[in-house]
Protein chains: 2
Amino acid sequence: MPKQVDHAARREEIAQAALRLCARDGLAGVTIGQVAQEAGVSKGLVQHYFAGKADLLRASAHVLRGEIERHILEAVRDARGPADTLRRVLLAVVELGVTAPIPLLAGHAFLARAVADPEIRDLYRAGGDAVHREIAALLAASAPAPDVDPGAEAHALLGLARGLSDGVLLGDLGVGDAAAIVDHHLRRILPGAAIGSDSPS
Amino acid sequence: MPKQVDHAARREEIAQAALRLCARDGLAGVTIGQVAQEAGVSKGLVQHYFAGKADLLRASAHVLRGEIERHILEAVRDARGPADTLRRVLLAVVELGVTAPIPLLAGHAFLARAVADPEIRDLYRAGGDAVHREIAALLAASAPAPDVDPGAEAHALLGLARGLSDGVLLGDLGVGDAAAIVDHHLRRILPGAAIGSDSPS
DNA sequence: GATATCACGATACGGTCGTATTGCAAAAAG
DNA sequence: CTTTTTGCAATACGACCGTATCGTGATATC
């Protein structure tokens with residue numbers, strides 16, 4: 001057998017380039033030729049690793065999902081308990097607007113496709129559901145106030161974080177402001193937990 | 001002078017078709033030819049009313065802004081007071097996911113462009129700021145709880161509504177669930193006001 | 001009614017799209 | 001060293017893109 005390369009790695013590399021174009025020019029800018037140029041490879045190579053444009057976009061969507069998952073997992077790596085973990089997850093989502101605008105924008109680009117494409121839709125919903133379940137579980141484990149319904153509150157918190165991330169992305173509000181808003185809501189929901197700085201002035 | 005037509009009306013008509021394509025296929029699907037077909041006119045006519053694709057997209061963005069504004073104004077037409085108005089505004093944003101997915105999706109499509117294009121960015125931010133100021137004013141006029149900062153709370157409510165609208169759009173949660181979440185938060189912020197049904201069971 | 005002006009359609013053109021096809025260098029297997 | 005399989009580049013081709021240009025019919029003015 002001839003020389004061997006890591007197919008999966010190459011595919012992900014190219015898909016990352018596709019996501020970068022996604023973020024810059026929207027889904028419109030994802031072109032075989034442009035992707036090849038962005039990835040620094042030949043147009044033919046992109047063809048070699050992807051059956052077609054649909055395959056490329058599908059793979060990019062999966063890479064995107066992994067990218068966001070990695071980002072969140074990294075944020076909660078050394079959390080100090082369920083309440084702190086919950087806070088870090090929400091802040092990680094909010095801060096996507098400044099620390100990882102590419103996955104955030106690419107996600108928005110794929111959102112439009114998710115309405116029509118069942119596969120993208122399922123992918124999108126599966127990711128959202130996973131975060132939702134995680135938030136609900138963390139919420140239930142964080143000694144919430146008695147009137148808090150973990151499922152509904154998880155939707156509220158995730159919706160809040162996602163909505164704020166757009167504001168942060170466009171500069172409508174700073175990460176500090178957004179973090180303060182998240183912390184404020186967490187303090188109300190989790191009256192017993194210490195949210196944010198250990199010594200809230 | 002030859003026959004006269006309402007230029008502004010024709011432009012808006014074509015721009016509406018462009019927004020429809022925006023929502024269906026993302027910003028990628030906005031093509032002079034496709035827009036012409038969607039609007040039921042000839043390709044040359046689109047050229048006649050728009051200097052180019054950039055002009056078309058610019059006009060579409062402005063039409064989109066007006067569309068969302070109209071949608072919200074319609075929702076608050078016969079509100080019964082500041083608290084009810086505030087609730088209707090937020091629910092109108094949330095319900096965009098089901099009652100007006102086209103403006104919502106088109107808005108998402110333009111979000112990516114807003115990062116790079118200053119004009120779209122200003123348009124986007126101006127609209128967001130207007131809604132934010134309105135929400136803050138309604139909040140201040142609705143006898144809020146003493147610990148509520150109208151500016152920050154307006155960001156929170158708007159972020160929450162926008163985040164929930166995406167969930168509603170994809171079917172992650174129903175409008176009823178989203179409305180309940182919004183109402184729940186409003187009841188906490190506005191302890192004295194009657195939120196939602198007149199007789200909360 | 002002649003005429004200038006505008007709405008609108010049709011066509012043309014260079015460029016880029018996605019995809020198919022071909023050619024070649026490199027390396028493991030014999 | 002030969003062979004065979006794979007990685008990858010290059011080119012070709014039809015379709016469609018955005019834009020420019022020209023042609024035509026209708027209408028308000030003179």
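- As rounded to whole Å, 11 Å separates atom P of C/dG18 from atom CG of A/L27.
- Between B/Y49 and C/dA7, a side-chain N or O to OP1/OP2 separation shorter than 4.0 Å is absent.
- Between B/R187 and B/R87 the shortest side-chain heavy-atom distance does not fall below 4.5 Å.
- Mapped onto DNA chain C by nearest heavy atom, B/K43 and B/V5 fall at different nucleotides, with B/V5 at the one closer to the 5' end.
- For B/H48 and C/dA7, the shortest distance from a side-chain N or O to OP1 or OP2 is below 4.0 Å.
- Between A/H185 and B/H185, the ring planes lie parallel to each other; the angle is under 30°, not in the 30° to 60° tilted range.
- Open room surrounds CZ on B/R113; 12 or fewer heavy atoms of other groups in view lie less than 6.0 Å from it.
- In this structure, A/L45 places its CG atom 12 Å from C1' of D/dT6, rounding to the nearest Å.
- Distance from the side chain of B/Q47 is smallest to D/dT19 among C/dC8, D/dC8, D/dT19.
- For A/S42, taking side-chain heavy atoms from C-beta onward, the closest of the listed nucleotides D/dT19, C/dT19, D/dA9 is D/dA9.
- Phosphate proximity of C/dA7 to B/H7: present, with a side-chain N or O under 4.0 Å from OP1 or OP2.
- Contact annotation: A/Q34 does not reach the phosphate of C/dT16 (side-chain N/O to OP1 or OP2, under 4.0 Å).
- The residue B/V30 sits close only to the backbone: its heavy atoms come under 4.0 Å of sugar-phosphate atoms, none of a base.
- When the side-chain nitrogen and oxygen atoms of A/R10 are compared with OP1 and OP2 of D/dG7, none of them lie within a distance under 4.0 Å.
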Next on the checklist: Please evaluate residues A/D166 and A/H108 with respect to the criterion side chain to side chain donor-acceptor pair (under 3.5 Å), reporting the C-alpha separation (whole Å), side-chain torsions for both, the decisive distance (0.1 Å), and the verdict.
Outcome noted: CA-CA 10 Å; A/D166 284 356; A/H108 277 106; 3.0 Å; yes

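- If you measure from atom CD1 of A/I32 to atom P of D/dC16, you get 17 Å, rounded to the nearest angstrom.
- Atom CG in A/L21 sits roughly 11 Å away from atom P in C/dC17 (whole-Å rounding).
- Minimum heavy-atom separation, B/P82 to B/A141: CG-O, 3.4 Å.
- A/L57 places its CG atom 14 Å from the C1' atom of C/dC17, with the value rounded to the nearest Å.
- For the pair B/K53 NZ and D/dC17 C1', the interatomic distance rounds to 8 Å; values are reported in whole Å.
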